[in-house]
Every structure is written in C-alpha cells, then in structure tokens.
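Below, each value reflects all heavy atoms present in this structure, side chains not excepted, and no hydrogens, waters or symmetry copies. Numbers restart at 1 for each chain; the letters A, B, ... are given by sequence-line order, proteins then strands.
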Amino acid sequence: MLDPKLIKEKPEIIRKMLTDRHVQFDLDLLISLDSNRRELIIKTDEMRKQKNKVAMEIASKKKSGQNADASIAEMQKVSQELQTLEANQIKTESEYNRLNMTMPNLVHESVPIGADDSANVVVRSWGTIPKFDYKIKDHIDISQNLGLVDLERAAKTAGARFYYLKNNLVRLNQALLHFALDFLAERQYGLVQPPYMINRNSMEGAIIADDFENVIYKVQDEDLFLIGTSEHSIAAMHADEILEGKDLPIRYAGISPCFRKEAGAHGRDQKGIFRVHQFEKVEQYVFARPEDSWNEHEKMLAIAEEFYQKLEIPHRVMLLSSGDLGKVSAKTYDIEAWMAGQNSYREIVSCSNCLDFQTRRLKIRFRDKTNEQTQHLHSLNSTLVATTRTLVAIMENFQTQDGHIRVPKPLQKYLDTDII
RNA sequence: GCGGGGGUCGCCUAGCCUGGUAGGGCGUGGGAUUGCUAAUCCCAUGUCCGUAAGGACCCGUGGGUUCAAAUCCCAUCCCCCGCGCCA
C-alpha cells in the first residue's frame, strides 16, 4: 500500500509509475474516492463533536437533578444522523481501501523502463559455462535414469507439477537446506521456521490481490492459505507492532515449503521439477530503516551470489525492468543459473526491496525513543535457495559422462559422498 | 474438546459489579528549580481529519441494548491455569 498522502499530493508520481509498469489502474477513481472520504470524515467528526457536547449536557443536568428530556430528544436526533453519515463514510472508506490495496508499489529510479523481460539488464556474470565433449542430458533424464525422481506416480497421486524425490536426491535436497541455513546463521541471520498456513489478513499484507488467484492455495472451510514462500509468514510476523530502532535491521533466514498454483504458466516448463507446485526454500527477509534499505538490498544480493559461487554454479545477475517487476517490489534483481540441459540461464533467485509497501499494509513501524513519531519500516526479501531449481542446476551442470552427478564441494559433508 | 481466569493509549496497572469526557506508575523527550553524574516539580507521549486553530477516534475484534458502553448483552479470536484427547 502506498502512502495516501503521496497519492493525494503527488499523483503525477503515481501516474508515471503506472505507465512504467504497464499497469491498468483507475487512478482518477481512487483520487475522487479519497477526496470523498476526507469530506465524509470531516462531516462525521463534526456530528460526533455535536453528540459529545449533548452527552455532556445530559450528564451534567442529571447530576444536578435537572430535567434532561430536551437534551435527550436532541441526542436521539443527532445519533440518528450520525448513523447514516457513519454508514456512508465506512462504505467510501472501504471502497477506497479495496482499490488502494490493488495499487502496485513505486518503481525505483535505477530500474530500467520497459514493457517486459526483454528490457531486463545483465548486471554481471560469474563462472564459466561448462563444456561437455559428450552428449549431455537434461535433469529429467538424469534423475529418472538414477531413480531419483518419480514423476509418473506423482501425477497419479497429486497431478502435474508434483514429484516424488527419491534416495540421494532427498539427501541432496536436505543438504542444500542445511548448507543454506548454516550459511545465513554464520552471517547473523535469525533462523525462522514459520507457519505454513496463514490467515487472509496476514496474506493480504504480503501480496497483492491478483496473487491470491494465481499463486495462493486456499484451505477449504478455514481462514487459512498455504504460503507461497516463508516471506509471506515472516512479513506478517511483526504486524501491528512498533519495533525498537536499536534492534534494526532485523535479518531472518526463513525455511519452509512453498506452495504455488502456477496458474497462468500453462505449457511452460511442463516437465521435470523446474516449475512445480511445491518445493522447499531458504529465504532472506530483512526489516530495515528506510535510509538503510538500498544498502541492505545490495548486501542480500551479494550473499545470494556468494552462495552460488560456493556451489560453483555459473550464474548471472539480472536487473528487472519496470514491466517485469513484481507489483509489491520497487526493485528486483534476479539471479539466473546456467542450466546445461536447457542451454540457457534460468531464474533461481529473486531479491527485492519492497520499501514500506508491505509494512504499511501490516502496520509494522519503529521508533528510537518512545516519545518519537513512529515510521514504517522497509522490508526486503531474497531467495537464498529454492531447492528444486537448484537441484536442476546441479544435476545438469555437474553431470558426468556415465550419467552420474558430482556433488558440489560444500554439500559433500552433508551427504557423505562426492558422487550420486 | 470441557471448566475457570484474562486481553485497557510503547511496557506495567486502576476503572468493569453500581453505564455519564480512560486515571496512575515506568520508560522516553522537553522545561523549571536547587551550584555539582543526583533529587523534586510541570508539560508532552497512539491513530485519523485539518495549512492551522481545533476536532474526532482508540479499552482484542464484530454486532446489539441505551439519549449515552472500557463498563451491560450476544458472537468471535487470542493468551494463561486445570481436566480430557493426541504425534
């Protein structure tokens, strides 16, 4: 959610953001709802003032034993008028809020302007693309030959985009998670295993309406939704809190399964475990002071890059263009890993600064002294590792001529082997 | 799941029975005073509207009763204690 004051005072900034993002949004409606709502607030406040005045009259008359009938009659009238005004105000207010909740975040000035991912910019590349002097396989062939993944039976029991991981791939999956947690713990991140289901209010704080339909699974008959990432749970963790300035920044390493509908991805990455409904992820989530957030953003990216360098997975850093940017984010870097079996770079990390967009929805504020004005925090999130995609990168890049998989060095101690 | 207790403006707490502008302490900031790293006193301290003066709102949440609700009634969520069930 954006600051209502910004919308009122500098609508041209919002209008530019909407054009840059190529998003359709009825800004004029929002602005007129806003001025409506302000007018109604003034009117109802005045009526309430009147009501308070009469209430005091009644109280003092009763106390001194005078007849209060005339005042009570007036009070009845005022109360009734107030009721209609209030109903009107609440209606306008909620219309305004509903529309405002669908408004995307601002776009940072460093973000390239463009309609879609073709305008994304390569920031830097790391590692050398592996050369093979034999015919290589994709992760599906490799894993099936080694009995590491069962997709057919998963299709039977759950449907498309599900999988049974088996044997040493289960261990490799766990090793990635273990390594990722150790990696962030070393960097003073607090470890968090959050609720895998959260209520609507919490979910609405972290995401924008469209996502409910396209990515989020709802639990039948409960006010609960399966998280698409631990970001959702962790964002809402401090909702309605005022944090102490001295505790900032707060850096969390979230570990959780992630559940995604993948609606609207029909036909893309249909086979294998690259795009699936369920995977595990270790996530970086940071609450920072507004003035520190851009610095924190770069730090989080650097940590993610270092992680893949340790794993020796070649990758490149992309800066997403305005048209490709998620609605909640003001600036996003993706890390794309080289996937030998697909002969291309594919997204494995997404690192975003959401400014005060989520914290405003969730009312997460801070202050240094208890008598100071509170301020909304900035929130940032970045993948450290999403297991299935990294498994694909490892299988495809580290495959051997005889169809086995070399285990990346940092993971060997967790698996007790250097080859699968 | 059952029984009992509870949720008050950053934190702690009074008020609830007996409805009439939410009081105190701590913390924090500012000021006053006494010559000293202290004590005492005063003011401020959340949200919204308003350029401001000022006003409105805020007692877990949502309804209801009433001229008027922190207070009474109903529903609901959460926490604590006991019992039951359970990986």
Side-chain angles (χ1 to χ4, degrees), chain A residues 1-11 30-101 193-205 219 221-225 233 236-248 250 257 287 289 356 359-377:
Chain A
M1 192 164 78
L2 298 179
D3 186 353
K5 284 201 183 76
L6 183 74
I7 299 168
K8 186 190 166 204
E9 285 159 19
K10 300 192 169 149
L30 188 72
I31 290 170
S32 86
L33 280 170
D34 186 39
S35 74
N36 250 338
R37 123 185 194 273
R38 283 169 202 274
E39 250 173 65
L40 281 164
I41 287 170
I42 293 169
K43 276 192 195 156
T44 49
D45 275 7
E46 258 162 28
M47 195 54 74
R48 286 202 188 103
K49 183 181 172 186
Q50 181 65 15
K51 184 186 151 187
N52 290 341
K53 206 184 109 204
V54 183
M56 285 223 285
E57 279 170 25
I58 295 171
S60 70
K61 276 181 187 168
K62 288 227 165 176
K63 238 177 224 168
S64 62
Q66 295 175 54
N67 184 301
D69 289 356
S71 298
I72 287 176
E74 192 187 346
M75 185 72 143
Q76 272 164 332
K77 221 179 78 192
V78 171
S79 282
Q80 209 158 35
E81 277 179 57
L82 183 59
Q83 228 169 14
T84 11
L85 272 172
E86 271 177 341
N88 222 326
Q89 192 219 327
I90 288 165
K91 193 173 140 247
T92 313
E93 191 87 49
S94 78
E95 274 173 43
Y96 172 80
N97 281 333
R98 196 153 6 101
L99 187 58
N100 198 18
M101 286 293 268
Q193 187 171 327
Y196 303 156
M197 295 174 249
I198 57 177
N199 59 34
R200 173 172 282 273
N201 191 49
S202 300
M203 193 60 96
E204 276 174 345
V219 177
D221 298 330
E222 303 277 347
D223 177 26
L224 286 173
F225 299 82
S233 281
M237 187 160 74
H238 291 292
D240 298 312
E241 290 182 27
I242 298 172
L243 304 177
E244 288 193 53
K246 67 174 170 59
D247 297 333
L248 301 174
I250 298 176
F287 291 104
R289 289 169 184 276
D356 61 359
T359 58
R360 198 173 279 282
R361 292 168 161 238
L362 290 160
K363 299 192 182 66
I364 307 174
R365 293 160 298 165
F366 79 99
R367 63 182 167 196
D368 291 299
K369 302 278 166 59
T370 51
N371 69 322
E372 268 181 6
Q373 181 74 312
T374 58
Q375 264 189 87
H376 290 279
L377 284 158

Tell me what [X] touches on the nucleic acid: a base, only sugar-phosphate, or nothing, going by heavy atoms under 4.0 Å.
X         : result
Lys363(A) : nothing
Ser60(A)  : nothing
Ile42(A)  : sugar-phosphate
Asp368(A) : nothing

Give a yes/no answer on whether the side chain of [X] brings an N or O atom under 4.0 Å of OP1 or OP2 in [N].
X         : N       : value
Lys53(A)  : rG20(B) : no
Arg38(A)  : rG50(B) : yes
Gln373(A) : rU45(B) : no
Asn52(A)  : rG55(B) : no
Thr44(A)  : rA56(B) : no

Nucleotide [N], atom [atom2] - distance to [atom1] of [X] in whole Å:
X         : N       : atom1 : atom2 : result
Asn199(A) : rU61(B) : CG    : P     : 16 Å
Asp3(A)   : rC48(B) : CG    : C1'   : 13 Å
Glu86(A)  : rC49(B) : CD    : P     : 17 Å
Glu244(A) : rG29(B) : CD    : C1'   : 15 Å
Glu74(A)  : rA68(B) : CD    : C1'   : 14 Å

When you check the gap from the basic side-chain N to the acidic O, do Arg38(A) and Asp34(A) get nearer than 4.0 Å?
yes
Thinking salt bridges, do Arg37(A) and Glu95(A) make one under a 4.0 Å N-O criterion?
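Looking at Arg37(A) and Glu95(A), the cut-off is not met.
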Under a 3.5 Å cut-off for both distances, is [N] Watson-Crick or wobble paired, and to whom?
N       : answer
rG27(B) : rU45(B)
rA32(B) : rU40(B)
rU21(B) : none
rG1(B)  : rC83(B)
rC16(B) : none

What nucleotide, of [options], holds the atom closest to the side chain of [X]?
X        : options                   : result
Ser79(A) : rG50(B), rG46(B), rA68(B) : rA68(B)
Arg37(A) : rU28(B), rA56(B), rC48(B) : rC48(B)
Ala59(A) : rG29(B), rG20(B), rG50(B) : rG20(B)

Pairwise [atom1] distance for [N] and [M], with rounding to whole Å:
N       : M       : atom1 : result
rG7(B)  : rU40(B) : P     : 31 Å
rG30(B) : rA52(B) : P     : 24 Å
rG29(B) : rA22(B) : P     : 29 Å

Starting at the 5' end of RNA chain B, which residue's closest nucleotide do you reach first, Ala55(A) or Gln50(A)?
Ala55(A)
Only residue of Lys53(A), Met56(A), Lys61(A) satisfying side-chain contact (heavy atoms from CB on, under 4.5 Å) with Ser71(A) is Lys61(A)
Among Gln375(A), Lys363(A), Arg367(A), whose side-chain contact (heavy atoms from CB on, under 4.5 Å) with Ile242(A) holds?
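Looking at Gln375(A), Lys363(A), Arg367(A), the match for Ile242(A) under the side-chain contact (heavy atoms from CB on, under 4.5 Å) is Arg367(A).
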Go through residues 89-100 of chain A and report each residue with a non-hydrogen atom lying under 4.0 Å from RNA chain B, sorted by number.
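Close to the strand, none.
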Kindly determine whether Met47(A) and Val78(A) satisfy side-chain contact (heavy atoms from CB on, under 4.5 Å), including the steps that lead there.
CA-CA 7 Å; Met47(A) 195 54 74; Val78(A) 171; 3.9 Å; yes
